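Below you'll find the structure, written out as structure tokens, and then a few comments.
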Amino acid sequence: MSTTSFLTRARGLLRIRNQLVRECLAELLATFMLIIITLSSSAQKITSFEMKGNLLTSYLGGALAVMVGIYTAGGISGAHMNPAFSFAMCLIEQFPWWKFPIFVVVQTLGSFISAGAVYILYYDAIWHYSNGTLTVSGPRETASIFATYPADYVSIANGFLDQVIGTGVLMVGVMGIMDARNKAVPKGLEPVVVALLVLSIESSMGANCSCPLNPARDFGPRLFTYVAGWGPEVFRWVEGRG
């Protein structure tokens with residue numbers, strides 16, 4: 001049997017014909033790509049003394065991660081990668097409500113798995129930087145590699161409003177980009193334009209809460225830090241973290 005025929009037969013056997021399963025796997029992969037690049041950018045910013053405090057690197061990583069995620073699965077699942085976007089699509093009747101909880105679970109799972117991958121990738125750096133103690137607050141905290149935490153001065157109400165406005169701007173921008181009746185984006189470049197939208201939001205609205213804009217991006221990795229040793233403090237509103 002030739003290599004070509006073997007690969008063709010293997011591809012036929014492994015082909016997933018169920019559309020929902022295909023969409024879920026695509027959404028899982030897209031979310032994984034989004035979060036692993038985003039968290040890796042954050043890990044470099046926090047654990048590397050040469051790059052510490054370089055927000056531009058982190059913002060660029062997060063924006064480009066969105067582009068990669070959309071190119072990965074946009075043609076299969078739509079590459080939502082964000083429960084807020086899935087919810088918005090349901091509201092405008094572009095996505096069935098019965099799929100919404102399924103996608104939320106898949107997106108959260110993808111975020112959790114990617115957090116584990118980043119922990120393995122930066123294991124030595126995290127333990128070296130933290131002096132062997134995994135903390136949520138203090139000068140050597142490492143929890144913010146994985147989840148977003150508010151600045152010292154931000155109240156719960158202001159933090160909530162910050163995320164509502166930031167996510168709202170993201171949704172309006174994405175809907176405008178997707179609207180075929182609007183000024184059209186050149187076909188194939190939509191992910192690039194969305195990445196620029198994300199970069200603009202992060203650059204202008206990231207000071208209060210680090211601009212997660214995505215419940216799955218925050219909750220999945222936060223849950224990982226809880227089980228990986230940072231403890232229940234990761235779910236508390238922490239003040240005076242610096």
Side-chain angles (χ1 to χ4, degrees), residues 14-16 18-47 58-87 89 95 99-127 129-130 134 136 141-149 167 170 191 194-195 198 202 210-235:
L14 295 173
R15 181 176 177 81
I16 299 173
N18 185 283
Q19 182 63 27
L20 178 60
V21 175
R22 286 163 57 89
E23 291 177 2
C24 287
L25 289 175
E27 190 69 13
L28 181 72
L29 180 59
T31 307
F32 177 85
M33 296 296 289
L34 165 68
I35 306 303
I36 194 171
I37 296 174
T38 300
L39 299 188
S40 293
S41 300
S42 181
Q44 288 192 144
K45 185 194 74 169
I46 291 173
T47 62
S58 181
Y59 290 159
L60 280 173
L64 294 175
V66 173
M67 179 186 71
V68 173
I70 297 174
Y71 275 127
T72 298
I76 303 172
S77 68
H80 294 191
M81 303 180 291
N82 186 340
F85 181 72
S86 298
F87 183 73
M89 294 295 286
F95 189 68
K99 283 186 180 180
F100 174 68
I102 299 174
F103 265 46
V104 170
V105 171
V106 170
Q107 291 156 0
T108 304
L109 178 61
S111 298
F112 183 92
I113 295 172
S114 62
V118 171
Y119 179 69
I120 294 171
L121 179 62
Y122 283 94
Y123 180 86
D124 290 341
I126 290 171
W127 284 96
Y129 176 79
S130 66
L134 303 179
V136 179
E141 64 81 19
T142 48
S144 61
I145 290 174
F146 300 92
T148 55
Y149 293 87
T167 305
L170 175 63
V194 173
V198 172
E202 290 181 332
S210 300
C211 217
L213 308 175
N214 184 339
R217 175 259 179 271
D218 192 82
F219 179 72
R222 192 182 298 271
L223 182 61
F224 172 81
T225 56
Y226 171 72
V227 301
W230 277 265
E233 192 179 2
V234 299
F235 289 108

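These numbers come from a predicted model, not from an experiment.
Within a 6.0 Å radius of CZ in Phe100, other residues, nucleotides and ligands contribute more than 12 heavy atoms. Around atom CZ of Phe87, no more than 12 heavy atoms belonging to other residues, nucleotides or ligands sit under 6.0 Å away.
Partners of Thr142 by side chain to side chain donor-acceptor pair (under 3.5 Å), not counting sequence neighbours, listed by chain and number: Trp230. By the side chain to side chain contact (heavy atoms under 4.5 Å, CB included) test, Leu121 pairs with Ser40, sequence neighbours left out. When the side chain to side chain contact (heavy atoms under 4.5 Å, CB included) test is applied to Ala115, the partners found at least two apart in sequence or on another chain are Leu39, Phe146, Pro221, Phe224. Under the side chain to side chain donor-acceptor pair (under 3.5 Å) criterion, Thr148 pairs with Asp218, not counting sequence neighbours. Scanning for ring-ring contact (aromatic ring centres under 6.0 Å, His included) contacts around Tyr71 gives an empty result, with sequence neighbours left out. Scored by the side chain to side chain contact (heavy atoms under 4.5 Å, CB included) test, Val105 finds no partners at all (sequence neighbours excluded).
In terms of heavy atoms, Ala195 sits closest to Met67 at CB-CB, 3.8 Å. The two residues Pro83 and Val104 make their nearest non-hydrogen contact at CB-CG2, 3.9 Å. In plain terms, the two heavy atoms of Ala30 and Ala73 that are nearest each other are CB-CB, 3.7 Å. Residue Ile46 comes nearest to Ser144 through the heavy atom pair CD1-OG, 3.2 Å, listed as atom of the first residue, atom of the second, then distance.
Within the 4.5 Å cutoff, side-chain heavy atoms of Val234 are placed close to those of Tyr149. In this structure the side chain of Thr31 never reaches within 4.5 angstrom of the side chain of Val106, judged on heavy atoms. Here the side chains of Ile145 and Thr47 are in contact, with some heavy-atom distance below 4.5 Å. Within the 4.5 Å cutoff, no side-chain heavy atoms of Met81 are placed close to those of Ile35. In this structure, Thr72 and Leu34 have side chains that are not in contact, with every pair of non-hydrogen atoms separated by 4.5 Å or more. Counting heavy atoms from C-beta on, the side chains of Val198 and Tyr59 never come closer than 4.5 Å.
Contacts classified as side-chain hydrogen bond (donor to acceptor under 3.5 Å, both in side chains) and involving residues 112-126 (residues at least two apart or in different chains) are given here: Gln44-Tyr122, Tyr119-Trp127. Note on residues 62-78: no pairs pass salt bridge (Lys or Arg N to Asp or Glu O under 4.0 Å), not counting sequence neighbours. Among residues at least two apart or in separate chains, side-chain hydrogen bond (donor to acceptor under 3.5 Å, both in side chains) pairs with a member in residues 74-87 are Glu27-Ser77, His80-Ser86, Ser86-Gln107.
How far CE of Met89 is from NZ of Lys99: 11.0 Å, rounded to the nearest 0.5 Å. Rounded to the nearest 0.5 Å, atoms SG (Cys24) and CD1 (Ile102) are 6.0 Å apart. The distance from atom CD of Gln19 to atom CD1 of Ile76, rounded to the nearest 0.5 Å, is 8.5 Å. Distance CG/Leu134 to OG1/Thr225: 9.5 Å, rounded to 0.5 Å. Rounding to the nearest 0.5 Å places CD1 of Ile37 at 14.0 Å from OG of Ser42. Atom CG in Asn214 sits 8.5 Å away from atom OG1 in Thr108 (nearest 0.5 Å).
Between the side chain of Ser41 and the backbone N or O of Gly62 there is no donor-acceptor pair closer than 3.5 Å.
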